[in-house]
Amino acid sequence: MVALSVPAEVTVILLDIEGTTTPIAFVKDILFPYIKENVKEYLQTHWEEEECQQDVSLLRKQAEEDSHLDGAVPIPAAPENGADDLQLMIQAVVDNVCWQMSLDRKTTALKQLQGHMWRAAFTAGHVKAEFFEDVVPAVRKWREAGMKVYIYSSGSVEAQKLLFGYSTEGDILELVDGHFDTKIGHKVESESDRKIANSIGCSTNNILFLTDVTLEASAAEEADVHVAVVVRPGNAGLTDDEKTYYSLITSFSELYLPSST
Ligand SMILES: CSCCC(=O)C(=O)COP(=O)(O)O
Ligand SMILES: [Mg+2]
């Protein structure tokens with residue numbers, strides 16, 4: 001087994017979810033199809049609710065920003081003329097969500113609606129989140145050694161809490177000291193990592209970020225965050241240069257804390 005020593009200055013381990021703690025297949029084959037299959041009915045059922053209206057407003061704002069993009073799906077202003085307009089509006093939101101998902105976009109607007117939709121599926125017990133088997137034992141060990149463990153995922157904080165709260169390992173939310181999503185900034189922007197350090201109350205070089213995406217690793221590194229790229233079954237392949245440049249791990253058990261024997 002390969003061992004990667006965690007630098008002594010690291011006090012915080014920051015974890016990506018999809019492709020790092022959790023198989024991409026769980027997200028792509030279970031969570032995302034749930035949205036595509038249920039979004040129309042969800043909007044029809046919850047349309048009058050404040051939360052749903054806020055989600056639609058955010059999606060509409062995003063659609064305006066996206067209007068220059070190829071294939072972008074506009075969302076018209078709120079309907080005034082009854083049921084037919086409402087159905088057209090709902091269909092536009094459905095089409096917009098499906099278009100964004102076809103590109104695996106990580107917009108806050110899309111992620112917020114997804115999080116709200118998954119709430120019903122998780123709390124009713126229809127879905128349980130999957131974690132790689134090394135994740136929970138390693139996180140427990142790190143915390144026992146005094147490390148803080150935070151999550152930084154494009155999935156909304158609400159969705160992150162659902163994953164950790166309703167998992168095949170039970171409710172493991174207590175293993176996480178805090179959560180960050182794209183509201184703090186996108187994962188490919190270094191400024192987001194600086195803001196995360198600031199919010200935790202540490203320096204960027206006190207953080208070790210584990211992610212499967214080299215663009216995210218590169219942004220974090222530019223902010224002076226330590227990084228390791230996580231190689232899991234089903235993840236996108238890395239180029240030879242990326243394999244040479246980054247520290248790679250295939251399991252969290254390959255990380256050694258300075259105090260580990
Ligand atoms: C945490 S909710 C489900 C995953 C998701 O929607 C997503 O976009 C995952 O992105 P990540 O940044 O964790 O790779
Ligand atoms: Mg990921």
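As the structure lists them, so they are numbered: ligands from 1, and atoms in each ligand from 1. If you're wondering where the values come from, they're calculated on a predicted model, not measured in any experiment.
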Quiz item: Is there a nitrogen or oxygen of Lys106 sitting under 3.5 Å from a nitrogen or oxygen of ligand 1?
Solution: yes

Quiz prompt | Check: Asp212 N/O within less than 3.5 Å of ligand 1 N/O | solution = no

Quiz item: Is the closest side-chain heavy-atom distance between Ile207 and Tyr150 below 4.5 Å?
Solution: no

Self-check item: Leu15 side chain reached by Phe209 side chain, heavy atoms, under 4.5 Å
Solution: no

Exercise. May I ask you to identify the nearest protein heavy atom to atom 5 (C) of ligand 1, giving residue, atom name and distance to one decimal place in Å?
Key: Lys111 NZ, 3.6 Å

Quiz item: For atom 11 (P) of ligand 1, what's the nearest protein heavy atom and its distance?
Solution: Asp16 OD1, 3.1 Å

Quiz item: Does even one non-hydrogen atom of Trp118 get within less than 4.0 Å of ligand 1?
Solution: yes

Quiz item: Are a donor atom and an acceptor atom from the side chains of Glu254 and Thr250 found within less than 3.5 Å of each other?
Solution: yes

Quiz item: Donor-acceptor pair, Thr20 side chain versus Asp212 backbone, under 3.5 Å?
Solution: yes

Self-check item: Glu133: partners by salt bridge (charged side-chain N to carboxylate O under 4.0 Å, His left out), with sequence neighbours left out
Solution: none

Quiz prompt | Geometric cation-pi criterion, Arg105 with Phe32: 6.0 Å, 45° | solution = no

Exercise. Quick one: pull up CD1 in Ile75 and NZ in Lys61 and give me the separation to the nearest 0.5 Å.
Key: 13.0 Å

Exercise. Would you tell me whether His226 and Asn205 have side-chain atoms, one donor and one acceptor, within less than 3.5 Å of each other?
Key: no

Practice problem: Give every protein N, O or S atom lying under 2.8 Å from the Mg ion (ligand 2), naming each by residue and atom. | Solution: Asp16 OD1, Asp16 OD2, Glu18 O, Asp212 OD1

